[in-house]
*Asks:* 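Sharing a structure, written as structure tokens. Questions coming.
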Amino acid sequence: MDRQLTSSTKPKRTTSILSHWTLRYFLILCIGFSVIAAGALYWIRTTSIEKSLKTAELLGWEIADRVAVKDHKLQVPPDLNTIVSSREKLFNTDNYFCVMVLDNNNKLIFSQPKMQQEDVYYRLSDDFLEPRNSKYAGVTVDIADGNQTIGKVWVMQSKQSITFGPETVWLVALIFGGLILCGWFTIYLLSSKLSRPIRQVAYAAEQIRGGNYDVNLDIKTREREMNELVGSFGDMATRLRQLEEWRALSLAGVSHELKTPVTSIKGLVMAVRDDVVSPQEGKEFLDIALKESERMERMIADLLDYNAMTAGSVAVRKERTDLKLLVGEIIYQWKIAYEEHMPEVQLHAPSDALYVMGDALRIQQIIVNLLNNGLHATMPGQQALFHMHLRVEEDMLHVDVQDNGTGISIEDQRNIFERFYRGELKKRRNRGLGLGLTYSRLLAQEQGGTLTLVSSSPDGSTFRLSLPRWIAQQEASIPEKTYRSPVKAKSAL
């Protein structure tokens, strides 16, 4: 039996952006302030020890000055206990604080509090030069008789008593704890402010994914980037809603446009088959059915061409082409194809040759489609008149195609290059799928150019095809090519 392989990796647990960043900022604050607190406590400890030892040294000098020397022997004044007791108020004393006066043989002469000689050995090292226990700190001051040292004064105290007590530790902890909470609260407020519009945008994106495009992002912030994000998202939602509406309408329109000729052909053929009409009328019916089938064939070909273009399977060559000669040839062939309509096309071009880098066949498709659209936009009984202007602008060549049709309404102008879009007037006059201008613009872009609507009014419309100009440095020698293939009469897409 086959075993189904399942991934052993579990999906990562996700959290909200507010919880994610506030938790990490809080940890960073705790670590940072802990390091600062440790450094502050170390600095306080070191400074306190230095200051306390200097004060103890001053006490040692005062006691050394009061101890008298007689016959090279130390004599302690009777009021020394009182003096030492009064000076103890300057220190943070504990059970380990003591003052000792030793002679030159390290024998105890005076102590405060009272101690025995054994206590001296317990407190000082064997060489009597430093405290025996590292927990104690002390200073020593020599008692001299002239140039001879005959004794010393020791002032000792515990390091714990001269650094900081529990009160200091609690004070530092409260200060840094308060700073951490204030910092975390500030970061929480900032993160909450930043995450709120992001949450709303994410919720709106979820609504759009579910098919609800009517989202309202009422978000006002002072951050420029956030406003740009919200604005772009709102425009995207509006655009998606329009595209969805156009898709539904386009699908219905495509189905209708393809169904109409099929229904017409079916009715005409059935009428001939059932001998409903005379033989002469039957021949006319068959001619009409043939025209309808050709129209449906062109619409299907347009749809296939567009799909091939969007899929990237249409090859577009870039060759040096004399644009003036090519446009003249396109006009000549197109007028022959529509001779029954007697269109008039006037070409306005400079006397010099105009070379472009493009595909002559694709340029022909674009211009023929513009001419066909202009012809279909002409009022019945009116002669179609076109003006085509060729001009040079820096590294681009422009072909302006101006017709004398009924024009494009302001509501339709911004949508004419959308796929499957057809204005109301065009829907009533001609059948098509609304792919002609979309396909033509894609062909222009593939050649490095553009296709735009320059102007439109009830007196006519002007479209502009812009193509890259050929520069001699681009290619050493490229043969000039034009296509003299016949132009088929083609309805507007």
Side-chain angles (χ1 to χ4, degrees), residues 319-379 382-408 413 416-417 426 436-445 447-470 480-493:
E319 303 170 331
R320 189 185 75 161
T321 304
D322 190 331
L323 185 61
K324 186 167 64 173
L325 292 178
L326 176 62
V327 172
E329 185 177 343
I330 293 172
I331 294 173
Y332 175 76
Q333 296 183 14
W334 183 78
K335 290 178 66 176
I336 293 176
Y338 288 93
E339 187 176 1
E340 69 276 8
H341 296 281
M342 293 185 295
E344 180 64 26
V345 183
Q346 298 180 6
L347 178 61
H348 309 274
S351 57
D352 299 334
L354 304 176
Y355 293 100
V356 295
M357 286 295 296
D359 191 327
L361 183 59
R362 305 306 178 186
I363 296 173
Q364 183 180 16
Q365 289 180 281
I366 298 172
I367 295 178
V368 167
N369 182 63
L370 295 177
L371 292 173
N372 289 340
N373 287 345
L375 181 63
H376 292 303
T378 306
M379 292 293 293
Q382 180 184 8
Q383 183 185 14
L385 177 61
F386 295 89
H387 292 276
M388 299 186 66
H389 299 268
L390 274 63
R391 58 188 182 86
V392 182
E393 183 177 332
E394 296 181 356
D395 57 347
M396 299 294 288
L397 293 180
H398 304 287
V399 181
D400 290 347
V401 181
Q402 180 182 359
D403 61 54
N404 64 336
T406 55
I408 304 171
Q413 287 181 15
I416 58 174
F417 290 102
K426 197 170 184 179
L437 289 176
T438 307
Y439 183 60
S440 298
R441 170 171 276 189
L442 290 176
L443 288 176
Q445 292 175 351
Q447 299 176 79
T450 57
L451 177 63
T452 56
L453 173 65
V454 178
S455 62
S456 185
S457 67
D459 297 328
S461 303
T462 301
F463 286 86
R464 176 171 297 164
L465 172 62
S466 302
L467 296 170
R469 185 182 179 185
W470 180 85
E480 178 183 335
K481 295 184 179 181
T482 55
Y483 288 80
R484 302 190 63 85
S485 57
V487 180
K488 295 181 180 180
K490 189 176 184 181
S491 63
L493 303 183

*Asks:* If the test is side chain to side chain contact (heavy atoms under 4.5 Å, CB included), which one of Leu375, Leu451, Asp403 qualifies with Leu370?
*Replies:*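 Answer after filtering Leu375, Leu451, Asp403: Leu451.
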*Asks:* Quick one: side chain to side chain contact (heavy atoms under 4.5 Å, CB included) partners of Glu339, sequence neighbours excluded?
*Replies:*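 In terms of side chain to side chain contact (heavy atoms under 4.5 Å, CB included), with neighbours along the sequence ignored, Glu339 is linked to no residue.
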*Asks:* Strictly by salt bridge (charged side-chain N to carboxylate O under 4.0 Å, His left out), give each pair with a member in residues 365-376 just once, sequence neighbours left out.
*Replies:*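 Sorted result for residues 365-376: empty, none.
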*Asks:* With a 3.5 Å cut-off and sequence neighbours excluded, list the donor-acceptor pairs that the side chains of residues 393-400 form with protein atoms.
*Replies:*
from: Glu393; atom 1: OE1; to: Arg391; atom 2: NH1; distance (Å): 3.3
from: Glu393; atom 1: OE1; to: His398; atom 2: NE2; distance (Å): 3.3
from: His398; atom 1: ND1; to: Ser466; atom 2: OG; distance (Å): 2.6
from: Asp400; atom 1: OD1; to: Arg464; atom 2: NE; distance (Å): 2.8
from: Asp400; atom 1: OD2; to: Arg464; atom 2: NH2; distance (Å): 3.3

*Asks:* Does the Gln402 side chain pair with the main chain of Gly460, one donor and one acceptor, at a distance under 3.5 Å?
*Replies:*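 Here the side-chain-to-backbone pair does not exist.
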*Asks:* Start with the C-alpha gap between Ile363 and Gln447, add the side-chain angles, then the distance that decides, and say whether side chain to side chain contact (heavy atoms under 4.5 Å, CB included) holds.
*Replies:* CA-CA 9 Å; Ile363 296 173; Gln447 299 176 79; 3.5 Å; yes
*Asks:* Check ring-ring contact (aromatic ring centres under 6.0 Å, His included) between Phe463 and all other residues, then give those that pass, not counting sequence neighbours.
*Replies:*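 Testing Phe463 for ring-ring contact (aromatic ring centres under 6.0 Å, His included), a comparison that skips the adjacent residues, returns none.
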*Asks:* Can you check whether Val356 reaches Leu326 side chain to side chain, under 4.5 Å on heavy atoms?
*Replies:*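 No - every pair of side-chain heavy atoms lies 4.5 Å or more apart.
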*Asks:* Taking all heavy atoms of Met388 and all of Ile331, pick out the closest pair and write down the distance.
*Replies:*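 Taking every non-hydrogen atom into account, SD-CD1, 3.5 Å.
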*Asks:* Which residue pairs pass the side-chain hydrogen bond (donor to acceptor under 3.5 Å, both in side chains) test with at least one member in residues 450-459, sequence neighbours excluded?
*Replies:*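 Sorted result for residues 450-459: Ser456-Ser461.
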*Asks:* Report yes if some heavy atom in the side chain of Trp470 is under 4.5 Å from a heavy atom in the side chain of Thr321; otherwise report no.
*Replies:*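 The answer is no; the side chains never approach within 4.5 Å.
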*Asks:* Would you say the side-chain atoms of Asn404 pair up with the backbone N or O of Gln383, donor to acceptor, closer than 3.5 Å?
*Replies:*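 Yes, Asn404 side chain to Gln383 backbone: donor-acceptor pair under 3.5 Å.
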*Asks:* How far apart are the C-alpha atoms of Val401 and Leu465, what are their side-chain angles, what is the distance that settles it, and do they pass the side chain to side chain contact (heavy atoms under 4.5 Å, CB included) test?
*Replies:* CA-CA 8 Å; Val401 181; Leu465 172 62; over 6 Å; no
*Asks:* Once side chain to side chain contact (heavy atoms under 4.5 Å, CB included) is applied, do any residues pair with Ile336, and if so which ones, sequence neighbours excluded?
*Replies:*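 Per chain and number, Ile336 pairs via side chain to side chain contact (heavy atoms under 4.5 Å, CB included) with Tyr332.
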*Asks:* Once side chain to side chain contact (heavy atoms under 4.5 Å, CB included) is applied, do any residues pair with Gln346, and if so which ones, sequence neighbours excluded?
*Replies:*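 Expected list: Glu344, His348, Leu385, His387.
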